[in-house]
Amino acid sequence: GPIGVFDSGIGGLTVLKALMARLPHERTLYLGDTARVPYGTKSGEVVTRYSLKNAEFLLERGIKLLVVACNTASAAALPALQAALPVPVLGVIEPGARTALQRTRGGGVGVIGTPGTIRSGAYQRALEAGNPKIAVKATACPLFVPLAEEGWTNGDVPLLVAREYLAGFARDGVDTLVLGCTHYPLLKGVIAEVVGPHVSLVDSAEATAEAVAQLLEEKGLLAPASVGAPEHAFFVTDVPERFVEVGARFLGRPIPSA
Ligand code: DGN
């Protein structure tokens with residue numbers, strides 16, 4: 001079967017992009033819950049309910065593994081999804097936290113994400129589980145999501161917003177910063193400019209793709225190397241126009257509109 005991937009909307013396409021690069025032979029099914037986006041400002045209970053619905057849709061289509069390609073859904077719903085599903089379920093938080101712990105040189109780890117992700121404390125717990133002495137500084141950056149979707153990823157506006165959100169990280173001596181939201185890799189440039197060259201940025205999407213590859217290998221679930229390119233199917237819960245248009249920027253290639 002294919003790998004199932006869901007997100008609240010288009011953001012998870014940055015995770016899918018990393019998955020496609022790391023596992024070029026795998027078929028994928030992507031579901032963007034565009035009717036209910038954003039998840040980042042909703043309660044954990046509601047996000048869990050939506051997440052179970054998304055998982056059910058993908059499971060009916062025969063997926064062998066589920067990737068929760070949304071930080072907010074991973075933070076709120078991972079245990080519920082793992083309990084409910086008969087296939088392995090991976091979120092983006094554990095892999096991102098693990099990479100950050102490997103990379104920090106002891107100066108502390110910063111985490112940025114949606115209000116829901118930061119409020120849940122999921123990154124903070126994952127980091128402290130790996131290293132109880134780690135200093136964690138977490139900040140919600142809600143305006144980064146609309147900026148990334150509107151394509152305002154360069155210039156004065158995102159730079160000013162990034163300065164407001166991130167000034168504290170430089171002062172607190174954080175040496176590693178987790179981009180704990182699917183949209184933030186698009187703003188890597190301005191984020192790096194604000195926090196400076198001594199802060200290493202962790203892209204949860206890449207860390208997650210690596211974790212998926214390891215899990216598939218361990219379980220003997222890797223797809224055999226095929227002759228042609230594998231199929232990538234996309235589903236949304238609202239009309240597809242905006243997903244197709246904005247999503248191409250997140251995925252780095254055109255999205256077929258069936
Ligand atoms: N995909 C969400 C996340 O990674 O937290 C961001 C989009 C949203 O639901 N606000």
Side-chain angles (χ1 to χ4, degrees), residues 4-19 30-55 58 66-78 81 89-97 99-100 110-126 138-153 158 161 165 177-188 191 201-209 211-212 234-238 242-243 246-247 249-251:
V5 181
F6 84 79
D7 173 50
S8 54
I10 58 178
L13 293 169
T14 59
V15 179
L16 182 65
K17 181 183 179 185
L19 275 173
Y30 182 96
L31 173 63
D33 193 9
T34 48
R36 297 178 189 85
V37 74
Y39 286 6
T41 48
K42 295 193 172 76
S43 73
E45 233 166 85
V46 163
V47 170
T48 300
R49 177 151 35 94
Y50 294 168
S51 298
L52 287 165
K53 277 275 170 220
N54 297 335
L58 292 168
L66 177 68
V67 180
V68 184
C70 173
N71 289 262
T72 308
S74 296
L78 199 63
L81 289 164
V89 183
L90 255 106
V92 289
I93 289 180
E94 278 275 317
T99 304
V111 181
I112 52 178
T114 65
T117 297
I118 300 306
R119 188 180 357 102
S120 78
Y123 269 109
Q124 296 90 318
R125 277 194 301 279
T139 299
C141 306
L143 289 178
F144 280 174
V145 167
L147 285 173
E149 294 200 3
E150 294 302 328
W152 284 30
T153 52
V161 173
Y165 285 142
L177 180 62
V178 182
L179 307 180
C181 174
T182 51
H183 289 55
Y184 300 179
L186 279 86
L187 289 154
K188 238 182 205 170
I191 294 170
L201 302 182
V202 175
D203 188 335
S204 289
E206 281 162 21
T208 301
V212 171
F234 299 87
F235 299 90
V236 284
T237 51
D238 197 345
R242 187 163 187 274
F243 178 83
V246 179
R249 229 174 337 103
F250 281 61
L251 188 60

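What's counted below: heavy atoms across the whole structure, side chains too, no hydrogens, waters or symmetry copies. In listed order, ligands and their atoms are each counted from 1. Throughout, residue positions are numbered sequentially from 1 according to the sequence presented.
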Point-to-point distance, once rounded to the nearest 0.5 Å, from CG of Leu90 to CG of Leu19
9.5 Å

Decide yes or no for Leu143 and Trp152: does some side-chain heavy atom of the first lie under 4.5 Å from some side-chain heavy atom of the second?
no

Using every non-hydrogen atom in the two residues, find where Ala100 and Val178 come nearest and quote the distance to one decimal.
CB-CG2, 3.6 Å

Partner residues of Arg249 under the salt bridge (charged side-chain N to carboxylate O under 4.0 Å, His left out) criterion, sequence neighbours left out
none

Within the 4.0 Å heavy-atom sphere of ligand 1, strictly under, residues:
Asp7, Ser8, Pro38, Tyr39, Gly40, Cys70, Asn71, Thr72, Thr114, Cys181, Thr182, His183

Is there a donor-acceptor pair under 3.5 Å between the side chain of Ser74 and the backbone N or O of Val68?
yes

Where is the tightest heavy-atom contact between Leu187 and Thr153, given as atom of each residue plus distance?
CD2-CA, 3.7 Å

